[in-house]
Amino acid sequence: MFENKKTSKLRIIFMGTSALAGVILKSLIKEKYNIVSVFTQPDRDKKKESAVKKIAEAHKININQPEKLDETVISLVKNLKPDLIIVAAYGKILPKKIIETPGLGSLNVHASLLPKFRGPSPIQNALLAGEEKTGVTIMLMDEGIDTGDILAQEEIKISPEDNLKTLSKKISTLGAKLLIESISRWIERKLKRIKQDDFKATVCQLIERNDGRIFWNEKAENIYNKFRAFYPWPGIFSFWEKDNFLKRIKFCEIKLKKNDSHERAYSYGKVFKSGEAIGIQAPGGIIVAEIIQMEGKKPLPAKDFIIGHPDFIGSVLK
RNA sequence: CGCGGGGUGGAGCAGUCUGGCAGCUCGUGUGGCUCAUAACCACAAGGUCGGCGGUUCAAAUCCGCCCCCCGCAA
C-alpha cells in the first residue's frame with residue numbers, strides 16, 4: 001500500500017490509440033496511477049473514435065489529439081512536467097525531445113518479442129509468419145523505432161485458432177500485467193536494461209487494406225495465415241469477374257483444408273462446391289469459404305450466396 | 001455535398017435501359033412416390049417492389065425529394 005502512495009504522486013503521461021492501448025490505460029487507472037494527460041490519434045472517423053479517448057473522457061482525464069508532434073506539442077509535454085511517459089500503440093513516432101522529457105524516461109509496451117517484429121503491426125506479422133509463440137516487451141524508448149533497451153519480456157503461445165482479434169486480446173491483458181509489474185520495479189531501479197541484438201531484428205510495416213488481397217498461387221496455409229492476421233480488419237478479399245466487371249469478394253469466415261497429396265483437382269483460384277460451403281483451390285490445400293461478402297452486399301453464408309449467384313461455382317478468382 | 005453498388009414474398013437474386021398480369025432458385029406448408037431420405041413429383045401459402053410526391057389510361061420500371069444498408073477512398 002505504501003507503494004501506491006509513492007507511485008500515485010508520479011506524474012504520468014499516457015500515449016496510445018488502439019484497443020490494446022485502451023486495456024493498458026484502464027489498468028493504469030485501476031492501479032490509481034496519476035495520469036496527468038492522455039495523447040491519442042485525432043479522430044479519423046466519427047463512428048470509430050479512439051478507444052483511449054473514450055476511457056479518458058469517462059475518467060475526466062485531459063485529452064490531447066495533436067496531428068503533428070511539433071514544437072508546440074513538445075513544449076506542451078514539458079509544461080505537464082511528467083515523471084514518466086507510457087506509450088502503447090500510439091501510431092506516431094515520438095521526437096527525441098519528448099522521449100527525454102520525463103526524469104524516469106519513456107516506457108513502451110510492444111506486442112512482440114523484440115527485437116523480432118519491430119514496427120507498427122507486430123501481432124499481424126507474427127500470425128502471418130505462422131509463428132507458434134510471440135509475446136510482449138516493455139522497453140525503454142530511444143529515438144529509433146522499437147530499438148530501445150528491453151526492461152521486461154514475456155512469451156505467449158499462439159494457438160492455431162488464434163486470429164488478430166483473439167491474440168490481441170490475450171496480448172493486451174499480458175501487456176497490462178507486465179507493464180504494471182515493471183513500472184514499480186523500474187521506479188525502484190530494480191530492472192536491468194538489456195540491449196537489443198540488432199542482427200536478429202525484423203521490421204514490419206503498417207497494414208493496409210490492399211494487403212488483404214489473396215493471391216491464389218500462394219500456399220493455402222499462407223492464405224489461411226493471412227486470414228487469421230487480418231481478422232476482422234482489414235479482412236481478406238479476391239476478385240470475381242462477373243459480366244466483365246471485377247467484383248470484390250470478401251472472405252469473412254474461412255477454413256483451411258490441407259491437401260497432403262501433391263495432386264490438385266482444379267486450377268488455382270477455381271471455385272467449386274464443397275458440401276454446403278464453397279471451396280477454392282490453392283497450392284497445397286483448399287480454402288473453404290463459409291461466409292462471404294460481395295461488394296455492396298451483406299455478408300452471406302456461402303450456401304445463400306450460391307442460390308443468388310449459381311455462376312460463382314466454376315469461376316476462377318483473380 | 002468525396003466515388004460507387006444496392007433496398008423486389010421467410011433467404012438469395014432477376015426484372016428497371018425500351019412503362020403493360022409480380023418472376024427465378026432456395027426455404028416453408030399440404031399431398032404423392034419410396035423400405036427409406038436432406039432425394040424425386042404435384043399443388044399451395046406468403047408482396048404497401050425502402051418511403052413520400054410527380055408524370056401517365058397504366059409505374060418495381062420514368063422524374064423529384066427523403067430514409068436505410070454496403071464496397072472503396074480518407
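Computation of the quantities below employed the complete heavy-atom set of this structure, encompassing side-chain atoms and omitting hydrogens, waters and symmetry-equivalent molecules. Throughout, protein chains are lettered first and strands after them, A, B, ... in sequence-line order, and every chain is numbered starting at 1.
- Sequence order on RNA chain B of the closest nucleotides to Met294(A) and Lys247(A) puts Lys247(A) first from the 5' end.
- In this entry the distance linking CG of Asn210(A) with C1' of rA74(B) reads 14 Å, nearest Å.
- Atom name P, nucleotides rC17(B) and rC70(B): the rounded distance is 29 Å, in whole Å.
- With hydrogens and angles disregarded, no donor-acceptor distance shorter than 3.5 Å links the side chain of Lys53(A) to the backbone of Gln41(A).
- Remark: the Gln65(A) side chain and the Thr40(A) side chain contain no N/O donor-acceptor pair separated by less than 3.5 Å.
- For the OP1/OP2 pair of rG5(B) and a distance below 4.0 Å, the side-chain nitrogens and oxygens of Lys297(A) include no atom meeting the criterion.
- One can place CD1 of Ile249(A) at 17 Å from P of rG5(B), the figure rounded to the nearest angstrom.
- Distances from the side chain of Leu300(A) to the nucleotides rA73(B), rG12(B), rC70(B) place rG12(B) closest.
- For Tyr231(A), the ring pair (Phe, Tyr, Trp, His ring centres under 6.0 Å) test picks out Phe227(A), with sequence neighbours left out.
- Closest heavy-atom contact between Ile93(A) and Leu69(A): O-CD1, 3.6 Å.
- rA42(B) and rC52(B): their C1' atoms are spaced 44 Å apart (whole Å).
- Following rounding to the nearest Å, Glu208(A) (CD) and rA73(B) (C1') show an atom-to-atom distance of 12 Å.
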Checklist outcome for this item: Secondary structure of RNA chain B per the Watson-Crick/G-U criterion (both distances under 3.5 Å; [ ] crossing, | other strand, . unpaired) is .(((((((.[[[[.)....(..]]]].(((((.......))))).....[[[[[..)....]]]]]))))))..
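- One interatomic measurement links the two molecules: CD1 of Ile313(A) to P of rG12(B), which rounds to 18 Å at whole-angstrom precision.
- Atom P of rU30(B) sits at a distance of 40 Å from the matching atom of rG71(B), rounded to the whole Å.
- rG6(B) atom C1' lies 12 Å from atom CD of Gln293(A), rounded to whole Å.
- For the C1' atoms, the distance from rG19(B) to rC57(B) is 12 Å, rounded to whole Å.
- Pro102(A) pairs with exactly one of Ile13(A), Leu10(A), Ile85(A), Leu80(A) by the side chain to side chain contact (heavy atoms under 4.5 Å, CB included) rule, that one being Ile85(A).
- Distances shown here put every side-chain N or O of Lys298(A) at or beyond 4.0 Å from the OP1 or OP2 atom of rG7(B).
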Atom pairs under 3.5 Å: protein N/O with N/O of nucleotides 24-28 of chain B:
none

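- At the heavy-atom level, Lys250(A) lies under 4.0 Å from the strands shown only through sugar-phosphate atoms.
- Taking the P atoms as reference points, rG10(B) lies 15 Å from rA45(B), given to the whole Å.
- The interatomic distance linking Ile236(A) (CD1) with rC72(B) (C1') rounds to 18 Å, in whole Å.
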